[in-house]
Amino acid sequence: MDLHKEGERGSAKQKKVKIVFVIGGPGSGKGTQCKRIAQQFGYTHLSVGEILRQEISSGSETGSMIQRIMKEGKLVPSDVTVRLLQQAMQGINSDKFLIDGFPRNKENVKAFEDLTKMEPEFVLYLDCPQDEMEKRLLSRNEGREDDNIETIRKRFKVFMESTLPTIEYYESKGKVRKVDAGKSIDEVFESIKVIFSQGKDNKVPPSRHKCKCLIL
Ligand SMILES: Nc1ncnc2c1ncn2[C@@H]1O[C@H](COP(=O)(O)OP(=O)(O)OP(=O)(O)O)[C@@H](O)[C@H]1O
Ligand SMILES: Nc1ccn([C@@H]2O[C@H](COP(=O)(O)O)[C@@H](O)[C@H]2O)c(=O)n1
Ligand SMILES: [Mg+2]
């Protein structure tokens, strides 16, 4: 994958591609909030679960393998996931990607870093109580094969055992932005808007510093 997009008029000036990972337990509201973020902040939303489901729909052998793993609530091997994600990114002319449901384990992180040499700008973590996530998934009604109580419980276990350590990894790099995702959809989005409205590295943008000085 190209690290940078070519600057205007093909000049040597290069523009960095910005990536935000969105992590949270199953049913924490990743897809719901990503749609809103994409609309309001101009990101391209890529759901990794959706990319994997598209591969299942293609009828390929890889798709059959993914389907068996998903039904069990387990994680697809990272080389497969990252290759499909990379292909999806390369097919879209965007410089701001919101990657929903990724990374799910440390192997995902390593495969992404090794293959793309890129790092996320930050990681949005939707923190939601498990009983609330369970309630949401059982009433989602989108016909997903993995939205049954047996598989949902397995997905929670994978989240606790494999995904939480990736959040700790990004926390150690100061990249996690956590929101309370147990509230209503509108309330969660209000908290998210604050994060996305902040400037680079989540510092208050210079214009707001100026305003503060004027007031003082
Ligand atoms: N804050 C919320 N309050 C109540 N219901 C919500 C909230 N956010 C999302 N939902 C609903 O919960 C269900 C799961 O939401 P969503 O699909 O966005 O979760 P997800 O994190 O993408 O889940 P998955 O990991 O399974 O893809 C959907 O039916 C959605 O409408
Ligand atoms: N990085 C990922 C993302 C997803 N999966 C598999 O897809 C299932 C559904 O993902 P959602 O984000 O749509 O809930 C998930 O349970 C995994 O089986 C994956 O392996 N790796
Ligand atoms: Mg989702």
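For ligands, and for the atoms within them, numbers begin at 1 and follow the listed sequence.
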Report the nearest protein non-hydrogen atom to [atom]: residue, atom name, distance rounded to 0.1 Å.
atom: atom 23 (O) of ligand 1; result: G27 N, 3.0 Å
atom: atom 12 (O) of ligand 1; result: R136 CB, 3.4 Å
atom: atom 31 (O) of ligand 1; result: T32 OG1, 4.1 Å

Honestly, for R155 the part within reach of ligand 1 (heavy atoms, under 4.0 Å) is side chain
If you measure every N or O of [X] against every N or O of ligand 1, does any of those distances drop under 3.5 Å?
X: R104; answer: no
X: G29; answer: yes
X: Q33; answer: no
X: D147; answer: no
X: L137; answer: no

Mutual orientation of the aromatic rings belonging to F159 and Y125 [parallel < 30°, tilted 30-60°, perpendicular > 60°]:
tilted
Non-hydrogen atom of G101 closer than 4.0 Å to ligand 1:
no
Tell me whether P26 reaches ligand 1 (any heavy atom closer than 4.0 angstrom to a ligand atom).
yes
Write 'none' if nothing qualifies; otherwise put on separate lines each N/O atom of ligand 2 with a protein N/O atom under 3.5 Å away and their distance to 0.1 Å.
{"residue": "ligand 2", "atom": "1 (N)", "partner": "G101", "partner atom": "O", "Å": "3.1"}
{"residue": "ligand 2", "atom": "1 (N)", "partner": "N108", "partner atom": "OD1", "Å": "3.1"}
{"residue": "ligand 2", "atom": "10 (O)", "partner": "R104", "partner atom": "NH2", "Å": "3.3"}
{"residue": "ligand 2", "atom": "12 (O)", "partner": "R104", "partner atom": "NH1", "Å": "3.1"}
{"residue": "ligand 2", "atom": "12 (O)", "partner": "R104", "partner atom": "NH2", "Å": "3.2"}
{"residue": "ligand 2", "atom": "13 (O)", "partner": "R53", "partner atom": "NH1", "Å": "3.2"}
{"residue": "ligand 2", "atom": "13 (O)", "partner": "R53", "partner atom": "NH2", "Å": "3.0"}
{"residue": "ligand 2", "atom": "13 (O)", "partner": "R144", "partner atom": "NH1", "Å": "3.2"}
{"residue": "ligand 2", "atom": "13 (O)", "partner": "R144", "partner atom": "NH2", "Å": "3.4"}
{"residue": "ligand 2", "atom": "14 (O)", "partner": "R104", "partner atom": "NH2", "Å": "3.3"}
{"residue": "ligand 2", "atom": "14 (O)", "partner": "R144", "partner atom": "NH2", "Å": "3.0"}
{"residue": "ligand 2", "atom": "18 (O)", "partner": "K74", "partner atom": "O", "Å": "2.6"}
{"residue": "ligand 2", "atom": "20 (O)", "partner": "V76", "partner atom": "N", "Å": "2.7"}

Check step by step if salt bridge (charged side-chain N to carboxylate O under 4.0 Å, His left out) holds for D147 and R155.
CA-CA 10 Å; D147 276 353; R155 289 158 67 198; 3.0 Å; yes
Which of the numbered atoms in ligand 1 are under 4.0 angstrom from any heavy atom belonging to S184?
1 (N)
May I ask you to say whether E190 pairs ionically with K183, meaning some side-chain N is under 4.0 Å from a carboxylate O?
no
